Amino acid sequence: MTRKPAASARVPDVIPAWYQRPWLGVFSRTLASILGGYALAASVNVFLSLALPMQRSQAVLTSMLLAIVACACVPLWAFATRSALRAWVGVLIPTLLFALGGYLLGAWA
Amino acid sequence: MKQGFRQSMAWLHTWVGLLTSWLLLMIFMAGTASYYRQEISRWMRPELTTAPVSQEVAATNAVNYLQANAADAEYWHIQLPDARNPTITMYWFNPAPKDGQADGRASRRARFGEATLDAASGTPIQARQTRGGEFFYRLHFDLHYIPVLWARYIVGFCAMFMLVAIISGVITHKKIFKDFFTFRPRKGQRSWLDFHNVSAVMALPYHLMITYTGIVTLMLMYLPWGIKAAYPGEEDKFYVESLGGLSEPRPASGTSAPMQEVAALMESARRQWNGAEVATLRMDHPNDAAASLALTQRDGKALSIATPTLRLDAVNGQLLERGGQAGGATATRDVLMGLHLAHFADAGLRLLFFVSGLLGCLMVASGCVLWAIKERAKHARSGRVGFGLRLVDALNIGAVAGLPIAFAAYFWANRLLPLDTLERPQAEINLFFAGWGLATLVGLLHPRRQSWAWLLYLGAAMFVLLPVLNALTTRAHLGVSLPAGDWVLAGVDLFALAFGLCLGCCGWRMQRWQPAVSAADKRRRQAAAVDGAPPTQVARDGGVA
Amino acid sequence: MMLLSLALAFSGFTALCLAMDKHQLEPSGTARAAGGSTRRIGWVGWTLLAAAFAAAVLACGWAVGAVLWLGAMTLGGIVITYGLLPYRPRWIKPLAYALPIAAGVLWLVEVG
């Protein structure tokens, strides 16, 4: 006998595999927001500190102000986008690009 | 997520807001109180007199004290009194001990000396020991009982959550313009949502500003990577280059020399500033031939936290240096920090900041209550309350009803603790947290509407009776302060009265609240009444709904 | 001058509030005004807000004045939305006229 689904959720006939459970997607996006958000902020911070065409100390300060905004945008992306995978990809690619740019400009030499 | 952008933002807003709401409420309440930390400090040291005295007299008194007690210090720092703070606060840095101990952080801190003087007499103040309003200021970013570094990371994390909550809230609020003036009381969940929205939108520029600038004030700690990348191996240089103002003072010469009168030095500085007032003085290498006096101007004209500075030779009075501007980014950061600290605000503007801060507290509080109401509505038919909702109810009670009790307990402790209590400032602070803890405990044990009502009544009573307690324990009560026109002291008492009455109103409404009756139940009741039978029990008691 | 800014912000928001269809009935208790007058009241509202900005800047300079203006609007908005509209809608229009006049008089007395 099939159970009647609750009003607020659709219970599938087959319990999905553990990696398809809804809460895992939320958890994944949350990690992407928090860890990825900070990683993006850090890489933006490093890149702009070296790339901005102004005096060193001013570039560092400006990069911090902008990195905060970047960090705030990450959770918005991570939860608005279609899947958790896209959330991670959408955060990691810019982070790696900024980090690469920073490396090319002399960071972590 | 298989839902629209707005819906996903609504989901994000709800969770990001809820999970940090209780800590954020404390941070917001402490921060809002900090707008009046000087006034609170004065109220908590009622023994202080406020004979107005000129800046020059105050500075002379300060220097005399320092010459007597710290003549060989590496530098003196003097904060002159102003309209809000009648004392002279000073600290100094003693020279390293001769036996060459390791220069660790603890030994560095041990080299600082501090004193607070009465401006008119030049003697240390004789007032009860208390952290005063400074406790609230420190609480809102250093928290308490945990290492300061951890606290600042936690607060920064919460602040970022708050920033995301604000942005996602704006995105998800479809009718932000249409509902701009909409508040419909006495309509249950709808009213709570209206209330939350209005408190958020009416002060939206403020909320965005205070959250972003809050993160900015500590951004050097959160994002040190850029400094390391741009200044490899020479990070100190960043701090020197990025701060505007004066450069490092010249080193001591080793030979002693008499300094000019500080009043004369201040006069000459004020002439350079077209009469603007001096706020702080810093004397480097006092009594040395290379002694120099750095003066900082009082706030008020511009938003920036960095006010004009200049440095004079303390021996011959010559102008050595004017504080310069480091650059656009420094100026921007200085303005952002200035906005957060609001030093520039006069009485009227300060009140507007305070009102906006209160709205922020109401926004956070109504948000967490709204979550519980919505969640409860989902379980209405089954009548059962899940563990999550019970926990949220308990935390809501502890934070929303309990934090006012904590604040009141701090003030009551200030008036009631014996003056010779050991570690008196910390004892007052412990009672703050005891009040909060007690309320949270009540919430955990009995997360029901009665707890709300009783705790709100308790908070109300503690605040309303504060002026009475003041009258019974000091001579700084309303009967004295109002005739004297002392609005600082009277203001704290009057605000306590007003705030207590508001809490009382909330408690009363909570007590009187009746659960909403569905249309079907209404018909059943009417039918039963017509039949003469007693109406059936309808809804159960629960938290807030 | 600061009080004048506050008062003008209040009146400006009152006008903008009345320019919205959904709030027409409460303050005046009369039937909805015609579409044209709604738009006109809207313009009056924006003008009053601009005047509030001017008063704030004259009082405190551009930077501090801008901050003051935002705070004035917050306070005005709160008074209307939490206080007057739900509980005393009939007071809104009279206050919207009276407050700027009173503040203006106070300013003239202070200046003169």
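As the structure is a computational prediction, the values presented were derived from the model and not from experiment. Below, chain A is the first sequence line, B the second, and so on; all start at residue 1.
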Against chain B, label [X] side chain, backbone, both or neither, depending on which of its atoms sit under 4.5 Å from a heavy atom there.
X	result
A/Ser63	neither
A/Leu50	side chain
A/Ile34	side chain

Any idea which heavy atoms bring [X] and [Y] closest together, and the distance?
X	Y	value
B/Gly226	A/Ser49	CA-OG, 3.3 Å
B/Met9	A/Ala80	CE-CB, 3.8 Å
A/Asn45	B/Leu223	OD1-O, 3.2 Å
A/Leu61	B/Ser242	CD1-CB, 4.0 Å
B/Ser168	A/Leu76	CB-CD2, 4.0 Å

Is there a side-chain contact between [X] and [Y] in this structure, where contact means two heavy atoms from C-beta onward sitting under 4.5 Å apart?
X	Y	value
B/Ile227	A/Met64	yes
A/Pro75	B/Leu12	yes
A/Val26	B/Trp11	yes

Take a 6.0 Å sphere around [atom1] of [X] and say whether it holds more than 12 heavy atoms from other residues, nucleotides or ligands.
X	atom1	answer
B/Glu248	CD	no
B/Trp22	CH2	yes
A/Arg86	CZ	yes
B/Phe177	CZ	no

Open item on the list: Can you tell me which portion of B/Met160 sits under 4.5 Å from chain A's heavy atoms? Options are side chain, backbone, both or neither.
Closed with: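 For B/Met160, side-chain heavy atoms alone lie under 4.5 Å from chain A.
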Task: Toward chain A, the part of B/Lys228 with a non-hydrogen atom under 4.5 Å - done: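 B/Lys228 has no heavy atom closer than 4.5 Å to chain A.
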Under 3.5 Å donor-acceptor, [X] side chain and [Y] backbone:
X	Y	value
B/Tyr222	A/Ile68	no
B/Glu241	A/Arg56	no
B/Tyr231	A/Ser57	yes

TODO: With a 4.5 Å heavy-atom cut-off (strictly below), which parts of residues 36-44 of chain A touch chain B? List them by number.
DONE: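 Residues A/Tyr38, A/Ala41, A/Ala42 are the ones that qualify, each having a heavy atom under 4.5 Å from chain B.
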Task: Part of residues 332-340 of chain B lying next to chain A, heavy-atom separation under 4.5 Å - done: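 Under the 4.5 Å heavy-atom cut-off, B/Thr332, B/Arg333, B/Leu336 qualify.
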Open item on the list: Please report the interatomic distance OG1(A/Thr30) to CH2(B/Trp15), rounded to the nearest 0.5 Å.
Closed with: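 Interatomic distance, A/Thr30 OG1 to B/Trp15 CH2, rounded to 0.5 Å: 10.5 Å.
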